[in-house]
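Some notes on the structure that comes next.
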Amino acid sequence: MLEKTYDPGAVEGRIYQAWVDAEAFKAGAGAKPGAEPFTIVIPPPNVTGSLHIGHALNNTIQDILVRYNRMRGKDVLWQPGTDHAGIATQMIVERQLMERQEPSRREMGREKVLERVWAWKAESGGTILNQLKRLGASADWSRERFTMDEGLSAAVRKVFIGLYEKGLIYRAKRLVNWHPGLETAISDLEVENIEVAGKMWHLSYPIENSGETIVVATTRPETMLGDVAVAVHPDDPRYQGVIGKYAILPLVGRRIPIIADEYADPEVGSGAVKITPAHDFNDFEVGQRHNLKPINIFTTAARVNSHAPRDYRGLDRFEARAKVLEDLEALGAVLWVEDKKIMVPHDEKTKQVIIEPFLTDQWFVNAEVLAKPALESVRAGRTKFVPQSWENTYFAWMENIKPWCISRQLWWGHQIPAWYGPRLNSDPDFGKPDAGPKIFVAVNEEQAKKDAIAYYGRQVEFQTGGLTSLSFQKAMADFESTQRDRLVPAVWASRRASDPFAELSDSKVPLHRDEDVLDTWFSSALWPFSTLGWPEDTPEVRKYYPTDVLVTGFDIIFFWVARMMMMGLEFMGKEPFHTVYVHALVRDEQGAKMSKTKGNVIDPLSLVDGYGADATRFTLAAMAAQGRDMRLAMSRVEGYRNFVTKLWNAARFLEMNGCVRRAGFEPHRVNLAVNRWIVGATARAVDAVARHIDDYKFNEAANAAYDFVWGTYCDWYVELAKPILTGELPAEKQETQATAAFVLDQILKLLHPFMPFVTEELWGETGKEGPPREKLLILTEWPDLHGFADAHADAEMTWLIEVVSGIRSVRTEMNVPAGAKIPLVIVGAGEETGIRVESQLQALIRLARLEDVSYGSDVPSGSAQIVLGEATLALPLAGVIDLEAERARLRKDIAREDSEIDKVDRKLGNEQFVAKAPPEVIEEQRERRAEAVARRERLLAALARLS
RNA sequence: GGGUGUAUAGCUCAGCGGGAGAGCACUACCUUGACAUGGUAGGGGUCACAGGUUCAAUCCCUGUUACACCCA
């Protein structure tokens, strides 16, 4: 006997374990022979993260798709795993070091720190995946992957080398977004521009030898220490005379040219702008156009460096601003200050640290080239976005894509497989100031060594003291100066004469591996194939790539989806997925974005604790309408918790009434109209749910299931079955018992993708009687109920429902006590109505709470009357009903028909409508009118009888 | 500044070129042998505003307003 209520907390863990024990999540579990694959890769959460409501939605949707396709017999792989979240994870560990007052990262050294990060990963890494399990996620955990697994790291190296060899990855000195706190470059996607109240300072720079000044406006006065020019618009009449002259930079004394460049906007400020190529993206471009050498005035921690006058060195950027302004004020060079809203780049994660444009050597991916085929794939529809509108977002970004800075000055991540050494004098780039070191990109140190020996024709010596360390820099310089000297025999001869070690200094070449690591998204971009074993040619790669659907939030279309498209096409030759389902953002009830700082976060696990995983999942699914953010209301979760209870109690009712599954039950052979009807309705519900899942309309699928289970099965079928189940006719009773049990089975299957726990539990419970269950529900086939519709039974039951609802409505309006049984007299019934009444007599009596049903030629006086089809249903309530109230009720109904007739008449009276509307629409309107007229006539007759 | 999206019942949201819907909340009645986490009945809407297209607009188009988000 089932308990009175379902207790998710007591059931979920046990059910989950049963699935695991049955290996039900394994790739291919439950697949039909030769089944086509269905693959989803999980968007890998941060390894040290924890579950938030967005993950819950994301994974609920994936699990619905996965369970549904598994039940349909496909060869399903849901590939789980996590990413290493370079910056975030290293930050956590560094913070731990600080809190525990241990040595800092740099004091500790790379190896020790990495040990600590791995330890932290081991400690906290399982958290989020375990949380997903509580939601019921049926991913193949035996295949769990981590972006820094050896296999995935091999994929990263292979891709890096491949792109490098094609020239699609390169190292260059560029302005990048620099995080001065973490002292690393970040990509432009990791920067958030935030509007803040700032100021615009108008500074005057003296023009050399003229006694005149030129006024520049800036929001960052401290960067003037790195100014290399002043630019004016070439057409600006105010400045025609000064172009080509020089200004003298105050405080610094540098002589800087006044140049003409269209970047200077005559409308803004004075029309003249200071140019600081090392500290501003626009200025950098101006500098390149005019061959100006950038002067970097900051250290990696954004403190003023030795390129600035002594007084400012060591100050951080904000202190430097204050002092520069103070000193300029003292010179009278600050003309005026205006308040201005300015956009300031912040670190996107914490929104605390201001990002600095910073000139450094970094590695870049030529994304523009890779984006072309990725754009084409979506344009050609080989990969579709659902909802489609997100394609515009994708296009907009991909069409304007910038080089992707992939190197990070961190330790936690994939170390870049590049080694640096000096150049030989035979190298075409030898001696070029901007050429940088000779680079060897190789799969490992051994290969790098081979390549280097081949290039140098000498032995190489690996150094580890740091790329910028004095020892390595000196060794490089020594080698290169020896190479230079060797170019001129006379010089070389004299050097050898004076330096006994001259030969030695180019006999061994110093080589140093790049210390930086790659952006985490670089490895995430490979996720759809690296997790399957690539670059090995594994059976999984062959079977499961390309994957089918990617389920994700719009916020990582750029970060992740676009990059997977690029990498998948480049290395696999095929799009990584045919569909990208972009789900909504979950907001709080007021529509605000959930955030820890706002304190409005809804913890999905607390929902699971409070309402059960099934209710939580069902809520998320039911609210997952396409193209719209989701405001999560607790009342909805509660409502779906009640739905779980409802289902549970329906099963309990069946159990109490001997509704046991029957072996060999043939649903299309049942006789009773009520049973024929529910079987057909079940088939329709299954179709609707399947169709909506196929269309990624999870809300509609959930609602269709909900409506059927509650609104049809529980509210009507079970109620209609009651008199049969408690009746005396064994054949009818047995058929109904078997049908009820059969339909419940279909309901459990139908709901399983949404509510896996309670359905599996009921599957087990109802399996204790009747034919034994062959499999767990999770591995059971999706229902196939085609051809079960019975129009005749549908019509009869629809009629019955209308009669019962009509009588109930009148009872309430006439204030008939709920417990009172009243007689029903049917007047003017046709043959079919008579048959229906006979067929449904017991149900009618019970559901409408009737005393008896009889036929009459006249409506008894003092009756309430219901007009239904050709018949009038009279409820003789003389003495009970208030005649005036009944007249009012009828008049109201008549008025409703009047307005209906009027509305239709206006349409049909319109010549244009009759001429132009499709015939079926006109016909429909005519039918509506005829029906309304007939109802009206009977209602008028009913009213007349009361007068 | 550019772009995208959203405005439908008190709330949270579906829907859609031809009859305004659900859940919650609300009102009334009901402890009827599955379920009060329930049942039955009911009230409640100029479908943001202004134009346009159409025989017909909540739905399509244009504009306005408000809000949200993305990009610079």
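Computation of the quantities below employed the complete heavy-atom set of this structure, encompassing side-chain atoms and omitting hydrogens, waters and symmetry-equivalent molecules. These figures come from a predicted structure and were not determined experimentally. By convention in this document, chain letters (A, B, ...) are assigned in the order of the sequence lines, proteins followed by strands, and residues within each chain are numbered from 1.
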For [X], which contact category applies under a 4.0 Å heavy-atom criterion: base, sugar-phosphate, or nothing?
X	answer
A/Val904	nothing
A/Thr812	sugar-phosphate
A/Pro918	base
A/Glu700	sugar-phosphate
A/Asn392	nothing

With no hydrogens and no angle check, do the side chains of [X] and [Y] hold a donor and an acceptor under 3.5 Å apart?
X	Y	result
A/Tyr717	A/Asn675	yes
A/Ser187	A/Glu190	yes
A/His583	A/Asn58	yes

Problem - Base B/rU37 paired with A/Arg641 side chain (donor-acceptor, <3.5 Å) - result: yes

Practice task
Examine the base of B/rA34 for any acceptor or donor lying under 3.5 Å from a partner atom in the side chain of A/Glu3, and report the outcome as yes or no.
Solution key: no

Handout entry: Nearest-Å distance once atom C1' is located in both B/rU32 and B/rA68
Key = 50 Å

Practice task
Give a yes/no on whether any side-chain N or O of A/Lys722 is located under 4.0 angstrom from OP1 or OP2 of B/rA34.
Solution key: yes

